[in-house]
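Only one structure is covered here, and it is reproduced in the block below.
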Amino acid sequence: MDERYDPAAVERAAQTFWNEQRVFEAVEAPAGAAASDKFYCLSMFPYPSGRLHMGHVRNYTIGDVLTRFEKMRGRNVLQPMGWDAFGLPAENAAIKNGVPPAKWTYDNIAYMKRQLQALGFAFDWRREIATCDPAYYRWNQWLFLRMLEQGIAYRKTGVVNWDPVDQTVLANEQVIDGRGWRTGALVEKREIPMYYLRITAYADELLADLQQLSDWPERVKTMQANWIGKSEGCEIAFPYAPATRDLMGADGVLKVFTTRADTLFGATFMAVAAEHPLALAAAARNPQLQAFVDECRRGSTMEADVATQEKRGMPIGFAVLHPFTGKPVPVWVANYVLMTYGEGAVMGVPAHDARDFEFALGNDLPIVTVVRSKTGAYETVRAPWIDAYTEPGIAVDSGEFSGLEFEAAVDAIAVALEQRGLGRKRTQFRLRDWGISRQRYWGCPIPIVHCEACGEVPVPDTDLPVRLPEDLVPDGSGNPLNKTPSFVQCACPTCGKPARRETDTMDTFVDSSWYFLRFACADNSQAMVDQRVDYWLPVDQYIGGIEHAILHLLYSRFWTKVMRDRGLIAIDEPFANLLTQGMVLHHIYYREQAPGRREYFNPADVEVVLGPDNERTGAILVTDDLPVEWDGLGTMSKSKNNGVDPQVLVEKLGADTVRLFMMFTAPPEQTLEWSEEGVQGAYRFIRRLWKAVYDHIQAGVAPALEPAALDAAQKELRRLAHQTLAKVTDDIGRRRTFNTAVAAVMELLNAVGRLETASAQARAVVQEALEIAVMCLSPMIPHVTHVLWRELGGRDDLARTRWRTADPRALLQDTIEVVVQVNGKLRARISIAADADEAAARAAALADANVQKFVAGKAVRKFVYIAGRLINVVV
RNA sequence: GCCCCGGUGGCGGAAUCGGUAGACGCAACGGACUUAAAAUCCGUUGUCCGAAAGGGCGUGCCGGUUCGAGUCCGGCCCGGGGCACCA
């Protein structure tokens, strides 16, 4: 064994061994094997952006630790990897460099695959998939056509951002302050036909089944539930005043949805969205209103923008009638009403809704209180109007409904409305159908042909896949597919006449909504899925960023249920257990080069200046010794120049060091702050581990351990070793707190270093402790432990060695330390027999001199004894 | 705006079911080794009083429950994330 730890040599040796021995190739268990014996561990697959970033490394290290751990615990493990390969960045790169997105993407995949392999992740690479591969996306198309047949997929118009200069549709991210990112032109809204998936048909089940997901983080389930946004409420119809009958739609009413029907008598205005048919009809007769409506429609449709902008509106010039009082209620167009929720119209009850309140104040609309709190504060909402009273309470000034409490009031009003044919109870979801059409080139083609005679015609299954040409180079103006006759021109599958192929592609969320199924059967060219999916699914552990907590996970759950309902798969939910890992942050440093123009410096080139109390007081750039500004911590990004390249670190210090740092520095769900010193610390620890094993084996083979022959110190180390094994097993297997697992092994190694090793039995205890330390660390730092295990005399390779369990006899203690409090304050630590009863513990506690100091002369009022831990004497 | 999460030494974090606050690591300081530096090893390190023994204070702020609160409850303050065409 070499005295020096050489990460490059160690990692080469370990990786070569795993590859040659095909250690991590997953094979379905023979029929009859217990389903619980399989462990499908999946990390969210990366977008092939060019190079791995630290967020990837963290994600895949977590998955790898669990994969290796569960394999050692005897489970049949599958950990696959693939590429979420369609998307906008490839088109942006093409615009910039003139390289076809396909070439850029495949080059990136090749490079990033080498990076993943250098990190030693236990992937079964035979199952690798890329979503831009026709062998993959043909099944997107195939299932889309099935959904179309079933009515789950349908076509309707939707609103997109339109750049009038580039004549192209923009993603939200390409719209900066209302202008196109490349042209700077004011972005317009356009309505175009698009395909939607009816996820709302599954809203109830998607909500209800969250309860099945007992191993998902509560906050993710809460976010999903809020996203689905089930509201029990009422639909209320306000009839038009007779004079305005010609303006409105056929049903002669303005419909709203509200969860607060009990406040109906407080409605002092109606507010409709700018896109509402009524607004459009009124605007057509009123140029001023038209201007306002146009302005609203130009604005952002992002909910965050709508909700924070100043609430503005304009009366459309007429009123509707209150369903009970018959009084006219003026109708306004308001910029805070979303056309995409409910009816696109609300009744404005300023006294009891915060948004309506703000709007009424700004537009001098009356405020009428119709709910008082149960505790009687009727004055809560009275001039001079401080705030809306939005809590449920008791109805007042509400005609026959006065005096009813919230629920009773809503029920009674709903009944009365229904009798008049002006409303009913209804459930409303916030969830909207999923628009999947993208006016982009680098995505999965939507398999539709447009024929002048036959209309929209699905591409027959026998013509799938509709292949995306891979040699086009987008130039930023429009979708290049539109300019590619060989793609667009085709024959109508129904009548055979010349027709036009659909050039929209699918949202990349479609690609990622079922890839986890395909890993089970990636080689099947005949079907989307097969029976191997039934063996491996559901995913036992899914790991990914919290940023996917809503959309990706919800779409995947929806897609799974659609496939289940077609009988393609048997599961209800795709991911049994979910771990959402935190982001990787690093310091941001900059200098203001000109007003508003910052130059960012990489933290590697910055030195922190410390004050007298070791606190940071500033930072200087090492190249010129001049100060730079600190802008806090942020996610690693090119724009802030605060990234750390995993590749450079792996080459310098090895994959194990990077992995260990990530696992040790923070628990997986929290954000992780990058620290160069922390990385050095991880490297130092691995070297200490190496040295400890080296020193131990230099002294020759240790004799067999004889537990009965150990002295107190040896017994104590042995106890610590087994306690550490138990803790690490629990920390990785149940708690997923890898940081505390590593800390425990560090403590064990510190204790090994302190043991006097002259005697044979001491060496036997150290041998066992080192074996346990190496085993416990192996999921985190698999390369160096692979080599050290061999050096310690391990016969099998460590990755396929069975995880040990702690010996209960080694954990036994003769005496234990108990802390003694007096009135809740710590006063002493006493050592008592492990099996001492309360009387003995009490006697020992009161005998302590320091305890006596605080107890003497006072009566003991209460004596609390928590066996084995703590005594509290209350005087 | 709405929803979600977080706040503990100089720093990252630990304290798992209400029971020893600060494990482990980093940084800093002192020492050993060295011609020197690096590396390594040993020691100190929440804060205040004290020579020490020991004691006071201390987990964002205010209040509550409890023998006992970082942990539970109520009310605030501050920071971060998501909000439907980035993935």
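This structure is a prediction, so every number in the text was calculated from the model and none was measured. Below, read A as the first sequence line, B as the second, and so on, with proteins coming before strands; counting in each chain starts at 1.
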>> Within the 4.0 Å heavy-atom criterion, would you say Phe661(A) contacts the bases, only the backbone, or no part of the nucleic acid?
In response: nothing
> Could you state the CD1-C1' distance from Ile866(A) to C17(B), rounded to the nearest angstrom?
Replying inline: 12 Å
>> Of the listed nucleotides (A14(B), A27(B), G12(B)), which one gets closest to any side-chain atom of Asn739(A)?
In response: A14(B)
>> Less than 4.0 angstrom between a side-chain N/O of Arg735(A) and OP1 or OP2 of A15(B), yes or no?
In response: yes
>> Nearest to the side chain of Gln670(A), heavy atoms from C-beta on, is which of G25(B), G13(B), U20(B)?
In response: G13(B)
> Whole Å only: how far is the NE2 atom of His552(A) from the P atom of G82(B)?
Replying inline: 16 Å
> Is G9(B) syn or is it anti, if syn means the base angle is within 90 degrees of 0?
Replying inline: syn
>> Centre-to-centre under 6.0 Å for Phe661(A) and Trp674(A), is that the case here?
In response: yes
>> Measuring from the side chain of Leu870(A) (C-beta onward, heavy atoms only), which nucleotide among G55(B), G25(B), G19(B) has the closest atom?
In response: G19(B)
>> On the nucleotide U40(B), are OP1 or OP2 found under 4.0 Å from the side-chain N or O atoms that Arg687(A) carries?
In response: yes
> Of all the choices, C41(B), U16(B), G19(B), which nucleotide is nearest to the side chain of Asn872(A) once you look at every atom?
Replying inline: G19(B)
>> For Asn140(A), run the side chain to side chain donor-acceptor pair (under 3.5 Å) check against Thr505(A), Thr131(A), Asp511(A) and tell me which one passes.
In response: Asp511(A)
> Phe45(A) and ring pair (Phe, Tyr, Trp, His ring centres under 6.0 Å): which partner among Tyr136(A), Phe516(A), Phe86(A), Tyr515(A)?
Replying inline: Tyr515(A)
